[in-house]
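So you know, we letter chains A, B, ... as the sequences are listed, proteins then strands, and number each from 1.
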Number of protein chains: 4
Amino acid sequence: MNLTAVGIKNIRFPVKIREMAGGHQATVASITLQVNLPRRFRQNCVPTFLSVLKKFQNDISVEIFPELLREVKEELQAESAQLEMTFPYFIEKYAPITKTPGLMEYTCRFTGSTGHDGDDLIMSIWVPSTTLCPCSKEISDYGAHNQRAEINLNVKFRNFIWMEDLITMVEKSASCEVYSLLKRPDEKYVTEKAYENPMFVEDAVRKVAEAADNHPDILWFSAGVESFESIHKHSAYAEVLSDTMR
Amino acid sequence: MNLTAVGIKNIRFPVKIREMAGGHQATVASITLQVNLPRRFRQNCVPTFLSVLKKFQNDISVEIFPELLREVKEELQAESAQLEMTFPYFIEKYAPITKTPGLMEYTCRFTGSTGHDGDDLIMSIWVPSTTLCPCSKEISDYGAHNQRAEINLNVKFRNFIWMEDLITMVEKSASCEVYSLLKRPDEKYVTEKAYENPMFVEDAVRKVAEAADNHPDILWFSAGVESFESIHKHSAYAEVLSDTMR
Amino acid sequence: MNLTAVGIKNIRFPVKIREMAGGHQATVASITLQVNLPRRFRQNCVPTFLSVLKKFQNDISVEIFPELLREVKEELQAESAQLEMTFPYFIEKYAPITKTPGLMEYTCRFTGSTGHDGDDLIMSIWVPSTTLCPCSKEISDYGAHNQRAEINLNVKFRNFIWMEDLITMVEKSASCEVYSLLKRPDEKYVTEKAYENPMFVEDAVRKVAEAADNHPDILWFSAGVESFESIHKHSAYAEVLSDTMR
Amino acid sequence: MNLTAVGIKNIRFPVKIREMAGGHQATVASITLQVNLPRRFRQNCVPTFLSVLKKFQNDISVEIFPELLREVKEELQAESAQLEMTFPYFIEKYAPITKTPGLMEYTCRFTGSTGHDGDDLIMSIWVPSTTLCPCSKEISDYGAHNQRAEINLNVKFRNFIWMEDLITMVEKSASCEVYSLLKRPDEKYVTEKAYENPMFVEDAVRKVAEAADNHPDILWFSAGVESFESIHKHSAYAEVLSDTMR
């Protein structure tokens, strides 16, 4: 017997996400739901799902997400359910020298599943960063090619972790962090900082992995770094998978 | 010890794909390569990879793909390698009644991996189709909502299978097939055919699964159907995974 | 002398949009700014722009937008400026028969320019709809192919127009409207309604044009309808441009 | 009376493009067609269009394109027609020092229109490049942030121009060119070259404009440079429009 799942893809919904600083942040989520049903996924599954979603809409967090998922599963009388919620998330971040505040945008995702095999919950973040090529620096009399990169980290955790903390952890792993607002002293700082910290994509991804390995609350992770090479039209890419569930 | 893989993403390359009818078809592939190296993925890995790719460029098929992959692995002295090649593929298809020929475009992908755990090879296709809603037909005095859908099938196989055969198999699984050219008698045919064959996404995906189950050369498969609902802004989606490797 | 404009593309920012029903709606905008400067677009133009944006962030509407634009232009000492803000916008919409409420998502854009040639302001909306093919209906014994379509309308106006009113006007122009939530009696209604109102893309776009022509506050418009054909892999498309500025 | 145009969007078709070096290059085009018809754009317009396309399919160039367009217009008995063909185009390019050959991919587009107002033909190219920030270089003790950029140039011309020549002209306009294959001496060269040629997006776009202004066969142009900033999540952008038709 093959396993069949049915659901909906890419429904968009306004939600409020709980912030580490207290309060909530309004954003727009893209949602994918899949369920295993003893009977067909009837048309009225969508109204049922959306009414549960509406109930939770104004107070979403990775802590509350499993509750939302369980209620979806029960209301739909599903054997198992998988729910994925992806959204842009903004954090006020201070420029490194002038401390000018600016809003940085990160992509975040909660993925939860519940069913026969127990429950599972993954928190994912995508963080813009800078990589500067060690080889280019080493062989050149001056300069070094650098570029925007994107770091993805997916974690399963023991105790609750704030997205904000996860993002801060990841941002320290590349040649330099990315900011939305930089004045001249800040720009000097990030330029020199990247030059002092040359990293291949595999160096950056290993640093993310090391931080995740050392985090007391991370049980499992996978991470990837994609570097939009400034000297090529293709990307350099590296990924790492935690050896085992701790 | 965590596993780390490095590589390049989304490099584009012109290739020629072997056709079932004999001869080759020129197309443009998007390629992703990942390797596990005892040492770092040096800059010169890209020239090495591209020179192997160049050698195989004019005669690509799912039969030859493992050879290409093995040579990439050897030339890079990698412990393991994964190569993914995605490309648009055109097949001349005849309108159902007037038999007018027209070029249909399908997305295809070969994914190969080689390493400690042995070799693996997956052939994937994405096929445009039509689904017509059984519920809408049943409850309405006339008409029934229908829409474009996309069927994805991924297979591992025992003996060589032509993409053309796989595509033909999948095209029979929805409410109606999609064509690039339809004259009036053809349009009448596809309209009535879809109306006679109402299917939810889960019906279509189960029909694909049944065909794959019954295919003597398919060892494993996964399939998905996404329906771009004409009465909603979101998609309906269903997927199925073969129970086990045969 | 050639004209040169500089700016930033695709910066994302949380904003609150004034709703017709009163109150504000939180959403996430993608913003593009271009300015003509007597001198270079210095790095500190971005902080200046973002600080103006921050001031207006919590009360954006098409009425206020020109003020925001003027302040950006002045603060940057630009000769002229163009600002584009695109965002998802949600409206509670009732199912046609059961009146079940559901959130529909529309894409909206404000585009403003100010400079030597005076000021300009365009409001744009993208509205999901259903089209049902008249030819398919006519020649078939039963059924008719239909599909999701997207209607785009861009207007310049005399007096303030609510986006909500513009969206309602456009939604009446296709074979049937699209809803986020439909129960069985609703699904019967939309199926039959679409069947009773067959329309080619050019019929739908002309109906939009007629409504825009007759609107007392619309000075200029352009409109387009793209239909994601259920029987083909390509889209049918029609567009119309108002003859002249009234 | 408003002007209405109808057509098809995003149909994909394999074509062969005439190369400057002689011979043809096989690629896959995305095609958009719009026509003004005295009567409705009937279903059989698509077969007619595709049969004309098929006739020209194996020998496309910017020289032949107007012929293809005229034949489409005549066969469809249209008052006017607009045809757009976008495709990836590969050119063998030699690394700057080691002269290692590698295939570079560029996006190209032909846009033609024919009708009451006469004929028009635009050739467009999108060229990957590197920009290095002058400000970052000036204020930093070492290093300078740089990134991949994309240069777009659209031209109307007097005498035939090869895409290859246009691409070469544009590639000289940024801080450094982008290559698909670079060995160590090449990487040293591009790193140092970019560092020696710092450019804001407005500097690069003005250099493109200057070259276009000085080209004897270019009658009109527009150009844009988008820089995927390595220190930000947004892009810097500049564009220039030729003052007038010469």
Side-chain angles (χ1 to χ4, degrees), chain A residues 88 90 93 95-96 102-107 126-150 174-198 227-235, chain D residues 88 90 93 95-96 102-107 126-150 174-198 227-235:
Chain A
F90 291 87
K93 189 176 171 181
L103 277 184
M104 270 294 292
E105 184 212 5
Y106 305 91
T107 301
W126 283 262
V127 175
S129 298
T130 307
T131 53
L132 185 139
C133 178
C135 170
S136 166
K137 178 181 173 179
E138 186 193 316
I139 62 182
S140 303
D141 291 341
Y142 33 78
H145 81 79
N146 52 78
Q147 52 269 318
R148 200 189 304 161
E150 190 178 57
S175 295
C176 190
E177 303 185 27
V178 161
Y179 300 84
S180 67
L181 271 192
L182 293 171
K183 299 195 166 169
R184 283 172 69 91
D186 303 313
E187 189 170 355
K188 174 178 163 64
Y189 173 85
V190 297
T191 304
E192 295 175 354
K193 170 112 194 263
Y195 194 78
E196 290 158 3
N197 288 282
S227 187
F228 308 102
E229 299 292 285
S230 61
I231 61 170
H232 292 300
K233 199 179 181 238
H234 59 259
S235 292
Chain D
F90 291 86
K93 189 175 171 181
L103 277 183
M104 270 294 293
E105 184 212 5
Y106 305 91
T107 301
W126 283 262
V127 175
S129 298
T130 307
T131 53
L132 185 139
C133 178
C135 171
S136 166
K137 177 182 173 179
E138 187 193 314
I139 62 181
S140 304
D141 291 341
Y142 34 79
H145 81 80
N146 52 77
Q147 52 270 318
R148 199 189 304 160
E150 190 178 58
S175 295
C176 189
E177 302 185 29
V178 161
Y179 300 84
S180 67
L181 270 193
L182 292 171
K183 297 193 167 171
R184 283 172 70 91
D186 304 312
E187 189 170 355
K188 174 178 161 64
Y189 173 85
V190 297
T191 303
E192 294 174 355
K193 170 115 193 261
Y195 193 79
E196 289 158 4
N197 288 282
S227 188
F228 309 102
E229 299 292 284
S230 60
I231 61 170
H232 292 301
K233 199 178 180 241
H234 58 259
S235 291

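Under the 4.5 Å side-chain criterion, counting only non-hydrogen atoms from C-beta, D:H145 is not in contact with A:V190. Side-chain contact between A:K137 and D:T191: absent, with no pair of heavy atoms (C-beta onward) separated by less than 4.5 Å. The closest side-chain heavy-atom distance from D:Y142 to A:E196 is below 4.5 Å.
Across every non-hydrogen atom of A:V178 and D:I231, the tightest pair is CG1-O, 3.6 Å. When every heavy atom of A:S140 is checked against every heavy atom of D:E187, the shortest pair comes out as OG-O, 4.4 Å. Residues D:E192 and A:I139 share a closest heavy-atom pair of OE2-O, 4.4 Å. In plain terms, the two heavy atoms of D:R184 and A:E138 that are nearest each other are NH2-OE2, 3.8 Å.
Side-chain atoms of A:R148 never come within 3.5 Å of backbone atoms of D:R148 as a donor-acceptor pair (strictly under, hydrogens ignored). Although no hydrogens or angles enter the test, the distance criterion places a donor-acceptor pair under 3.5 Å between the side chain of D:H232 and the main chain of A:Y179. A donor-acceptor distance shorter than 3.5 angstrom exists from the side chain of D:T130 to the backbone of A:S230, with no hydrogens or angles considered.
Neither the backbone nor the side chain of A:E150 comes within less than 4.5 Å of any heavy atom in chain D. Residue A:T131: no heavy atom, backbone or side chain, is found under 4.5 Å from chain D. Contacts between A:S136 and chain D at a heavy-atom distance below 4.5 Å involve backbone atoms as well as side-chain atoms.
D:Y106 is linked by a side chain to side chain donor-acceptor pair (under 3.5 Å) to D:E171, counting only residues two or more places apart in sequence or in another chain.
For the options A:H234, A:K188, A:M104, heavy-atom pairs under 4.5 Å to chain D are most numerous at A:K188.
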